[in-house]
Amino acid sequence: MDAPRIVLGVIGADCHSVGNKILDAYFTEAGFHVVNLGVMVSQDEFLDAAVESNAGAILVSSLYGHGLIDCEGLRQKAVERGLDKILLYAGGNLVVGKTPFEEIERKFKAMGFDRVFSPHDDLADAVKMLREDLEARKS
Amino acid sequence: MEPKLLLSVDIGSTYTKGGLFLLEGEELRPAGREVVPTTVDDLGRGFARVREAVLARHFRFLGAGHAAAADIPVYWSSSARGGLKIAAVGLTPDLTLSVARMAATSAGGKVVRAFSYELTAEDLAALKAVDPDIILFTGGTDGGNSRVVLHNAAKLAELASPAIVLYAGNRKVRDQVVDILRGRDVATAANVMPEVGTIDIEPAREVIRRVFLERIVDGKGLSSVVEAAGRDPLPTPLAVFELVRTIADRVPGWEDFALIDMGGATTDFYSHTRSFHGGDAIILRGLLEPTLKRTVEGDLGLRVSAEALFRSEAAFLEGRLRDAGSDLAPLRSYVEDVSRRTEHLPADDEGRRFDRLLAAACVRAAALRHAGITQRVFTPQGGFQVQRGKDLRQVRRLIGSGGYLAGVTGPDILLEVCAPGADDPDTRHLVPDAPACYADADYLIPLLGNLAADYPAAAARAAVAGLKPLTSRTS
């Protein structure tokens, strides 16, 4: 069986590249086929890559606090581009300030993201969830 | 070692050029050239005429000791009646379709139409109307999208067209695609984009070249020439493309250069230079373009395409005319005139001035389209430059080839490539800075391109030696 494909990148005008490399290595090691777009990735670049590679999930990172505005509309655009079943994950320092994580999670889920991660989450959990979610989407 | 004679012929759309070369050890020396009008109804006649002319006027002066005229090997190329017409089919416009365009142009073809996503009935009608020689069919990374690819395969199976379908998309469904297209003329090559952002156009290029030889030569009326020459032709732009590569590989100081071939119908831009140089505060977005790149601009030309040029470059032309105290009206009537009389050569100062202006517009626009840009962006981590497309700033030398550019006496027109282009102070076009300029005054480039496969080092050195340096003093 082919390794499940996922698209990875840091969205918007965000140049934080260290976490991106760690995620790439970790998910590759965990058996995923990672299409890593690096830093400063636009919504369209995420979607083009997902269309071409037939990815099951897009993992969006944002470290600089502008994640909310950068991620707005990604779900609708994905649906418009025919990616109606794709999983959308977001993680990082998604907003500036002391907003409680539950509040951030609620906002991102309202925007159509399936999972939202804080800087304190364990990557092993994320891998487990991703496997389960991909499996669930298949049926 | 006994010196050896080689004959090289290029059948262009207007002229058929022939050149005799003397190969002594590792050196090729031009030993005479002739030009005759291309005989469009039967290309073989023009070929025979130029061959006879070259041999009659130059061969006998070379003295004894050479092989008989009939034994001189003949190499040749043809722009094959307006070139190799390729329709590109891809999935997303910025990824596989964009790579398919690169593959087509670097194989010496001209992209006549391009399609993304699912092909529709309307697209099929458009495909049929442009009557391409090859449909370059791509889409999906290896193991990636197959749904749209299989849909498009089924649509192409319905298409009533003699075009050869070259499949260079998602490898996972290659067999299925071939199966769906059974009964059609199908060829396959490795995926042009096996991974998002990874470009692999060489295999598709090679298949296009082979397809050109095996199946298209005949349709273009070239088979009589194959018989006379005893050798297969190269498409002219491919001969030039390979010569550019050979010069960059073989001639010291020519690692970073560009070549513009401007004709009546198209302007071709070739560059050999690394696409992206990296650095601390610069980020590449989009595809990493190849070191050797060719673009073909079908709306930039001095005659057949003069009206299209006039429309697309109106703002630039108007600005230059205004600076000279004039307006667009006289140029407009000149353009209308020469686009009908495509053989016209200007007889007066005004006509020469207009041709010069149109040539400047072609060179400038072709460079701006070939080159990428950087944009300054401000982020919470500070200012960054975002690069898209190819960086030509390291290009140190620039060659002008083709009718008009072969005849220029100064570098001014070629230096139009240094156009700033952008009005926005935060956007910079990555055009060459101040390249040294040269003219291919004796049209040796395509002729030596034909010899580059068999005699790479000698052809590359002879091409550079045959160039005329253009310094500002002579303009």
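Basis for what follows: all heavy atoms, side chains included, without hydrogens, waters or symmetry-related copies. Note on naming: letters A, B, ... go to the chains in the order of the sequence lines (proteins, then strands), and numbering restarts at 1 for each one. Since the model is a prediction, treat every value here as computed from it, not as a measurement.
- Looking at A:N36, neither its backbone nor its side chain comes within 4.5 Å of chain B, counting heavy atoms on both sides.
- Proximity to chain B among residues 16-32 of chain A is limited to A:H16, judged by heavy-atom separations below 4.5 angstrom.
- Scanning all heavy atoms of the two residues, the minimum distance from A:A13 to B:P380 falls at O-CD, 4.4 Å.
- Evaluation of the side-chain contact (heavy atoms from CB on, under 4.5 Å) rule for B:R285 yields A:L37, A:M40, A:V41, A:E45, B:I283, B:V386, B:R388 as partners, not counting sequence neighbours.
- By the 6.0 Å contact criterion, CZ on A:R5 is enclosed, its count of non-hydrogen atoms from other residues, nucleotides or ligands being greater than 12.
- Within residues 51-83 of chain A, the residues having any heavy atom under 4.5 Å from a heavy atom of chain B are, by residue number, A:V51, A:E52, A:S53, A:N54, A:Y64, A:H66, A:R81.
- Using a 4.5 Å cut-off between heavy atoms, B:N170 makes no contact with chain A at all.
- Atom OG1 of residue B:T96 and atom CG of residue A:D48 lie 9.0 Å apart, to the nearest 0.5 angstrom.
- Contacts with chain B (heavy atom to heavy atom, under 4.5 Å) involve no residue of residues 94-119 of chain A.
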